[in-house]
Every structure is written in structure tokens, then in C-alpha cells.
Participant: 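Quick one: the structure is below, questions incoming.
Residue indices begin at 1 and follow the sequence shown.
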Amino acid sequence: MRCLLIAPLEANTDELIDVLAANNAETERSFDVGAGVGLARADLAQFDFVLALLPDHLGAPSAATAAIYVEIGVVAGRGLPVLVLTAPDSPAPATLAGLTSVTASLDNVDALRLHVGLFLRTLASEPRTAAHRAQPVGDTLAAATRTRLEHLRRPDPDPRKPFDFEDIALDLLRGSGALVEQRSFAGGDTGVDAAAFIEGTEEQLGTLVVQCKWSSTRPRLDSWITSRDRLSDYVLQSPRAFGLFIYGTADASEVKIPRPTSSSP
């Protein structure tokens with residue numbers, strides 16, 4: 001695949017380009033093709049999609065801002081799929097409504113992998129069949145899930161159990177018709193374990209951002225509340241996102257987590 005990258009000249013996009021390359025996407029900068037209105041005269045048929053980095057990441061000057069919005073308008077008018085990347089606390093403006101937009105810092109490689117990976121999987125799956133639409137979990141998957149949870153609840157000290165629980169939860173999402181992009185376990189806890197997209201829920205939910213927590217003993221609620229609030233903060237900073245916090249314990253007891261504060265819905 002080929003990606004047209006629209007970004008301020010000053011932006012350090014090395015990590016972003018590496019993420020695209022890991023997804024088998026070759027990148028070319030828009031200013032090498034035709035900057036500003038010059039992009040309207042360029043051959044855009046060679047590109048499969050566009051990734052646009054809004055200048056809010058750098059506080060770029062107004063001239064650069066204007067050029068980037070012009071370029072986004074050109075590629076959107078040509079019908080190319082566009083992913084808009086905004087900085088935390090800088091949601092995409094209403095003028096870009098209708099385009100897919102996500103929030104991530106350029107130095108947050110794990111978040112870039114999640115969002116770029118999910119966007120590319122969404123492109124690759126089109127047109128989707130009924131198997132990729134929202135659907136109830138089948139009896140076979142439900143039975144397999146119960147078996148996997150019973151295995152998790154066995155009293156053995158396996159350090160991978162939290163990761164296994166995450167896999168179980170995300171497999172349920174996949175079984176419901178969702179496209180899921182899972183973070184790398186090597187990246188540590190960044191507050192978001194996965195991003196998911198369910199066709200037909202775009203207007204209601206947007207992108208699902210998921211955090212999973214498992215405890216083989218009585219959980220430390222303060223730690224879980226902190227994780228829940230980090231997820232809430234991420235959702236508040238992200239346009240068109242819906243947070244899903246999934247948790248479980250080995251003894252299958254009910255764990256009540258206090259409601260978020262008014263600042264974290």
C-alpha cells in the first residue's frame with residue numbers, strides 16, 4: 001500500500017513512518033508531490049490512503065495550517081480514505097467532520113500502532129461481508145470463552161494470566177463482528193490495550209478503546225480506578241471514541257468500582 005503523508009515540515013514523523021512501514025505501507029510526503037493547491041494537479045491515483053497530521057502538534061504558523069487544510073480538502077475531494085491524527089487536547093475541528101480522526105502523540109508509538117493498524121485493517125476489509133458486521137456471540141465461542149475463563153481461575157501462579165484475559169475479551173469482540181487492533185505486550189501499560197471498530201456503530205460509538213484488567217487475588221481497587229480514569233481521560237481527548245473497561249477476578253466475585261468523578265465520564 002502507498003500512503004500520502006500530509007504534515008508540517010517541522011514535524012518529526014520518523015516514528016509514524018516506521019509504524020506505517022511495519023504495516024507494509026510505503027510513505028511519500030505531500031510536499032514532494034504537490035504542496036498546497038498544487039496537490040490538486042498531482043497524480044493521486046498512486047496512493048491508497050492519506051494520513052494527515054494536524055499542525056496543532058507543533059503550534060505551526062497559520063500559513064502552514066492553511067496549506068495542510070487545503071491538502072486535506074483536495075484528497076478528501078478525490079475520494080481517498082483519510083486518517084486525521086490530532087494531538088492530545090486538540091480534537092479535530094468541525095470542518096473535518098466525516099473524516100476518520102484519532103488522537104495520539106507522535107512519540108506514543110503504541111497508540112500510533114493501534115490507530116494506524118486499525119485504520120488499515122478497516123480499509124483492507126472493505127467491502128465487508130455479513131460476517132464482519134455486529135452480531136451476537138455464537139454458542140461455540142461462548143462455550144469456549146467459559147472454558148478459557150475456568151482455566152484462568154485455577155490457583156496457579158501464571159504471570160501471563162492478565163494477558164490471557166485480555167485475549168479472551170478481545171476474542172469476544174472479534175466474535176461480535178469487530179475489527180480489533182491489539183497493542184504489543186512489550187510496550188507496557190499505556191492505558192489502552194486495544195482499539196476496535198464495529199460496522200454500523202460509527203455514529204453512536206466511533207472507535208472503541210479498550211482496557212482490560214485481571215486479578216488472581218482480591219484486586220487493588222485503587223490501581224483499577226486509576227486505570228479506568230486514564231482510559232476516561234483518553235476518551236475525553238479523542239474525537240468519536242467510546243471507552244470499554246473490562247475486568248475480572250479469579251474467584252468470580254462481584255467487584256464494584258466506584259463511579260467516575262464528574263470530570264471522567
Side-chain angles (χ1 to χ4, degrees), residues 15 18-19 21-23 88 102-118 120-121 137-198 207-235 237-238 241-260 264:
E15 299 281 12
D18 287 345
V19 169
N23 283 275
V102 298
T103 298
S105 299
L106 287 177
D107 57 358
N108 189 340
V109 178
D110 223 29
L112 294 176
R113 286 177 183 145
L114 280 177
H115 291 303
V116 171
L118 180 62
L120 294 182
R121 291 191 64 188
V137 172
D139 292 341
T140 301
L141 177 57
T145 300
R146 284 191 291 269
T147 299
R148 294 171 72 185
L149 286 173
E150 288 170 2
H151 178 77
L152 276 188
R153 292 187 176 116
R154 294 176 183 172
D156 57 271
D158 185 350
R160 278 200 52 85
K161 284 188 175 182
F163 304 117
D164 292 340
F165 178 71
E166 179 179 318
D167 288 337
I168 292 170
L170 298 182
D171 283 347
L172 279 174
L173 280 175
R174 295 184 181 99
S176 300
L179 288 170
V180 178
E181 187 68 21
Q182 191 170 4
R183 68 174 173 86
S184 166
F185 290 136
D189 188 355
T190 61
V192 175
D193 292 331
F197 174 84
I198 303 175
T207 301
L208 283 174
V209 287
V210 185
Q211 172 70 283
C212 300
K213 288 295 179 183
W214 171 265
S215 178
S216 295
T217 58
R218 191 67 182 172
R220 289 179 51 205
L221 287 187
D222 57 341
S223 174
W224 282 15
I225 290 171
T226 298
S227 296
R228 189 274 318 275
D229 289 346
R230 287 178 65 194
L231 179 66
S232 294
D233 290 341
Y234 187 95
V235 170
Q237 295 170 4
S238 305
F242 185 91
L244 188 59
F245 188 74
I246 305 172
Y247 58 92
T249 62
D251 61 4
S253 61
E254 182 179 3
V255 177
K256 293 185 178 180
I257 298 180
R259 292 176 61 85
S264 300

Participant: Could you tell me whether the side chain of Ser232 reaches within less than 4.5 Å of the side chain of Arg228, counting heavy atoms only?
Facilitator: yes
Participant: How many angstroms lie between atom NZ of Lys213 and atom CZ of Phe245, to the nearest 0.5 angstrom?
Facilitator: 6.5 Å
Participant: According to the interplanar angle, ranging from 0 to 90°, do the rings of Trp224 and Tyr247 count as parallel (below 30°), tilted (30 to 60°) or perpendicular (above 60°)?
Facilitator: tilted
Participant: What are the two closest heavy atoms between Ala250 and Ser216, and how far apart are they?
Facilitator: CB-O, 3.5 Å
Participant: Whether the side chain of Lys161 engages the backbone of Asp156 through a donor-acceptor N/O pair (distance < 3.5 Å, no angle test) should be reported.
Facilitator: yes
Participant: For the residue pair Leu231 and Gln211, what are the closest heavy atoms and their distance?
Facilitator: CD2-CB, 4.0 Å
Participant: Looking only at heavy atoms, what is the nearest atom pair of Ala196 and Leu173, with distance?
Facilitator: CB-CD1, 4.5 Å
Participant: Out of curiosity, Asp193 CG to Leu244 CG, how far, rounded to the nearest 0.5 Å?
Facilitator: 10.5 Å
Participant: Could you grab the distance from atom NE2 of His115 to atom CG of Asn108, nearest 0.5 Å is fine?
Facilitator: 8.5 Å
Participant: Test Asp171 against Arg148 for salt bridge (Lys or Arg N to Asp or Glu O under 4.0 Å), laying out the working first.
Facilitator: CA-CA 11 Å; Asp171 283 347; Arg148 294 171 72 185; 2.9 Å; yes
Participant: Could you state the interatomic distance from CZ (Phe165) to CG (Leu170), rounded to the nearest 0.5 Å?
Facilitator: 9.5 Å
Participant: Under 3.5 Å, is there a donor-acceptor pair between the side chain of Arg121 and the main chain of Val180?
Facilitator: yes
Participant: Measuring from atom OG1 of Thr145 to atom CD of Glu150, what distance do you get when rounded to the nearest 0.5 angstrom?
Facilitator: 11.0 Å
Participant: Verify the neighbour count for atom CG of Asp139: are there more than 12 heavy atoms of other residues, nucleotides or ligands below 6.0 Å?
Facilitator: no
Participant: Looking only at the side chains, is there a donor atom on one of Arg154 and His151 sitting less than 3.5 Å from an acceptor on the other?
Facilitator: yes
Participant: Where is the tightest heavy-atom contact between Ala104 and Leu112, given as atom of each residue plus distance?
Facilitator: CB-CD2, 4.1 Å
Participant: Side-chain contact, heavy-atom cut-off 4.5 Å: Leu152 with Ile168?
Facilitator: yes
Participant: So do the side chains of Leu114 and Asp110 get within less than 4.5 Å of each other, counting heavy atoms only?
Facilitator: no
Participant: Could you state the interatomic distance from CH2 (Trp214) to CG (Leu149), rounded to the nearest 0.5 Å?
Facilitator: 6.5 Å
